[in-house]
Amino acid sequence: MSPPSQQKRVLFSWKNKEKTTSTTMPTSQLPPPGPSQQPPPQATTSSQPDDLEVVTDDNDSDYSSIDSEIPFSTPNLPPSMTTMMIDSLFTTPPPLHDPLITPTSTLQDETLSDILPFLSSSPLPPDLFTYNAYNVPSLRREAHIAFLHASLGRLPGKFVAADASRPWFLYWCLSGLAMLGEDVSRYRESVKETARSMQNGSGGFGGGGGQLSHLATSYAVVLALAIVGGEEGFEVIDRRQMWRWLGGLKQRDGGFEVCRGGEEDIRGAYCAAVIITLLDLPLDLTPESPAYKPDDPSFNLLSGVADYVRRCQTYEGGISSSPSAEAHGAYAFCALGCLSLLGPPSITIPQTLNLPSLLSWLSSRQYAPEGGFSGRTNKLVDGCYSHWVGACFPLIEAALANSPTPVNDSLFSREGLIRYILNCCQDETKRGGLRDKPGKMSDAYHSCYVLSGLSAGMHQWVLEDEEWMVLPYLEGEQVFENADRVRPVHPVYVIPQGAVRAMRGYFRGKGGFN
């Protein structure tokens, strides 16, 4: 594949309904707009150079106008022009089967028997799904959009058990809607007021009014505010108190507690690193911080994070929540995300982790014939790991950018993951939404992370001069229709690239705590 700088790029802004191109490209090859948007006009030949910058809007208060850069080269041939066949890898049980029967192996066999019909035939309701010639169903975009909008409304009484997760519902639904092409600015005011009610005077956000501030819920609130955009929403965040609160969570071994007196794990380190970098917070520690070192004033909020991550790598090669625990896919993503925020992944990741061992462990999480990922050794595939494991690979690929043999194609089976998501993870009723696997109900959590995994399977991220650039994969067959393409999300922050630029740019422009 040619280097990104040599690709012909199509840049477009949904808000302005304008597109700048360096080549003629039929609109049939462009990603589809969301249901509330109009398609951009037909592309015309331009004399613009190949190194065009992304089309943006100078008003950072409306991030939705800043769309991600989608470069296109030679389009895939439509299925009618190719020889159609489903690889037996995705339709038959594994050739080797352990004769030892355990509860785990029995459950795996039962799960496989549930999943195979969805991969090898066309069992989904024909009134709701259409299949292409690769036996891959369409993305039920409208149904999933309706499901996520409904999940942002009033929920049944049984959801009271998830009251402390209210910030997560905001993030899951808003992120999912953004990936589906929806304009979520309609929620700007309500998200702003909800965030205000969850913020504590001592810093950070709780799961609801009067609840203890927690790194996970603070992370979710900050991302939700970034997604809906708007300076008024950004100003809800008390950055000074957030900085002091984070300093109180920082530990001398480099990690973070998730709340005052709570557990210390790699989730906390990732959530803290995301908040610190999005809000452009100072790194200095106050004397009140438990990590403050009078004899080492250079020790700051991000000091020792890489060493903490290193100690979380296990004998399997994966990453655990804390040193000496079990490797888990979500913690692998948190570890790689942390390191990618500390510096160029091509430096920070190989310097910190045993990369071959980690890559081997991550690769072992993808199963055949399912095509999806599991989160741990000897566990079942689950749609949410489409993100937690699948989204590790763009960061691994960036880490290998300077290696003697750089990665020219995906390190995992994109076809397998896309088949699993579109065939097995879409709710097969009028309810909509996405799910763990056949037999499970759709929910906001899986809808968000399954769509994020789908985006990872459809797009390639390349780091150029400290700026992430997104490309469509140009190698191999494309088993999905272009109409089913979802919008990309930033490989570290997992929100649209424009939202990251808008929030970081706003706070960088303020200077200090002004």
Checking the side chain of [X] only, and the main-chain atoms of [Y] only, is there a donor and an acceptor separated by less than 3.5 Å?
{"X": "His144", "Y": "Gly433", "answer": "yes"}
{"X": "Thr352", "Y": "Ile349", "answer": "no"}
{"X": "Gln460", "Y": "Val470", "answer": "no"}
{"X": "Gln366", "Y": "Ser413", "answer": "yes"}
{"X": "Arg240", "Y": "Phe513", "answer": "no"}
{"X": "Arg311", "Y": "Asp253", "answer": "yes"}
{"X": "Asn200", "Y": "Gly210", "answer": "no"}
{"X": "Gln241", "Y": "Gly201", "answer": "yes"}
{"X": "Ser289", "Y": "Leu285", "answer": "no"}
{"X": "Gln497", "Y": "Val489", "answer": "no"}

Exercise. Stepwise, does the side-chain hydrogen bond (donor to acceptor under 3.5 Å, both in side chains) test hold for Tyr367 with Ser374?
Worked result: CA-CA 8 Å; Tyr367 293 174; Ser374 69; 3.1 Å; yes
Is it the case that the side chains of [Y] and [X] hold a donor-acceptor pair, with the cut-off being a distance below 3.5 Å and no angle test?
{"X": "Tyr506", "Y": "Glu235", "value": "yes"}
{"X": "Tyr292", "Y": "Thr286", "value": "no"}
{"X": "Ser185", "Y": "Asp183", "value": "yes"}

Is there a side-chain contact between [X] and [Y] (heavy atoms, below 4.5 Å)?
{"X": "Leu148", "Y": "Leu180", "value": "yes"}
{"X": "Phe205", "Y": "Ile237", "value": "yes"}
{"X": "Phe256", "Y": "Leu301", "value": "yes"}
{"X": "Thr377", "Y": "Glu326", "value": "no"}
{"X": "Thr314", "Y": "Ile319", "value": "no"}
{"X": "Leu249", "Y": "Val258", "value": "no"}
{"X": "Trp468", "Y": "Val462", "value": "no"}
{"X": "Glu257", "Y": "Lys250", "value": "no"}

Considering non-hydrogen atoms only, spot the tightest contact between [X] and [Y] and give its length.
{"X": "Leu422", "Y": "Phe480", "answer": "CD1-CB, 4.2 Å"}
{"X": "Arg485", "Y": "Pro472", "answer": "NH1-CB, 4.1 Å"}
{"X": "Leu400", "Y": "Ser403", "answer": "O-OG, 2.7 Å"}
{"X": "Ser320", "Y": "Ile266", "answer": "O-CG2, 3.9 Å"}
{"X": "Val274", "Y": "Tyr493", "answer": "CG1-CD2, 3.7 Å"}
{"X": "Ile495", "Y": "Ala226", "answer": "CD1-CB, 3.7 Å"}

Problem set entry | Geometric class of the Phe393/Phe412 ring pair [parallel <30°, tilted 30-60°, perpendicular >60°] | tilted
Exercise. Relative to each other, are the rings of Trp388 and Tyr449 parallel, tilted or perpendicular (30° and 60° limits)?
Worked result: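 Trp388 vs Tyr449 ring planes: tilted.
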Could you state the interatomic distance from [atom1] ([X]) to [atom2] ([Y]), rounded to the nearest 0.5 Å?
{"X": "Phe299", "Y": "Arg252", "atom1": "CZ", "atom2": "CZ", "result": "8.0 Å"}
{"X": "Arg196", "Y": "Leu225", "atom1": "CZ", "atom2": "CG", "result": "10.0 Å"}
{"X": "Glu397", "Y": "Ser410", "atom1": "CD", "atom2": "OG", "result": "5.5 Å"}
{"X": "Glu231", "Y": "Arg188", "atom1": "CD", "atom2": "CZ", "result": "10.0 Å"}
{"X": "Ile418", "Y": "Leu139", "atom1": "CD1", "atom2": "CG", "result": "11.5 Å"}
{"X": "Leu451", "Y": "Ile421", "atom1": "CG", "atom2": "CD1", "result": "8.0 Å"}

[X] [atom1]: over 12 foreign heavy atoms closer than 6.0 Å:
{"X": "Glu193", "atom1": "CD", "result": "yes"}
{"X": "Asp465", "atom1": "CG", "result": "no"}
{"X": "Lys192", "atom1": "NZ", "result": "yes"}
{"X": "Asp163", "atom1": "CG", "result": "yes"}

Is the distance between the ring centroids of [X] and [Y] less than 6.0 Å?
{"X": "His328", "Y": "Tyr331", "answer": "yes"}
{"X": "Phe333", "Y": "Tyr270", "answer": "yes"}
{"X": "His387", "Y": "Tyr445", "answer": "no"}

Exercise. Is NZ or CZ of Arg365 both nearer than 6.0 Å to the six-membered ring centre of Tyr385 and within 45° of the ring axis?
Worked result: no
For this session: Using the side-chain contact (heavy atoms from CB on, under 4.5 Å) rule, take Ser447 and Trp172 through it: C-alpha gap first, then chi angles, then the decisive distance, then the call.
Result: CA-CA 7 Å; Ser447 295; Trp172 295 331; over 6 Å; no
For this session: Begin with the C-alpha distance, continue with both residues' side-chain angles, and end with the deciding distance and a verdict on ring pair (Phe, Tyr, Trp, His ring centres under 6.0 Å) for Trp361 and Tyr315.
Result: CA-CA 10 Å; Trp361 186 85; Tyr315 71 94; over 10 Å; no
Exercise. For Phe169 and Phe159, what are the C-alpha separation, side-chain angles and deciding distance, and is it a side-chain contact (heavy atoms from CB on, under 4.5 Å)?
Worked result: CA-CA 11 Å; Phe169 277 84; Phe159 279 87; 3.9 Å; yes
Exercise. Between Thr104 and Leu380, does a side-chain contact (heavy atoms from CB on, under 4.5 Å) hold up when you go through it step by step?
Worked result: CA-CA 9 Å; Thr104 300; Leu380 305 174; over 6 Å; no
For this session: Report the C-alpha separation of Ser322 and Asp265 in whole Å, then their side-chain angles, then the decisive distance to 0.1 Å, and conclude whether the side-chain hydrogen bond (donor to acceptor under 3.5 Å, both in side chains) test is met.
Result: CA-CA 5 Å; Ser322 56; Asp265 62 35; over 6 Å; no
Exercise. Only one of Lys440, His446, Arg435 forms a side-chain hydrogen bond (donor to acceptor under 3.5 Å, both in side chains) with Asp382, so which one is it?
Worked result: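 Passing option: His446.
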Exercise. Could you walk me through whether His214 and Cys259 pass the side-chain contact (heavy atoms from CB on, under 4.5 Å) check?
Worked result: CA-CA 5 Å; His214 193 284; Cys259 61; 4.1 Å; yes
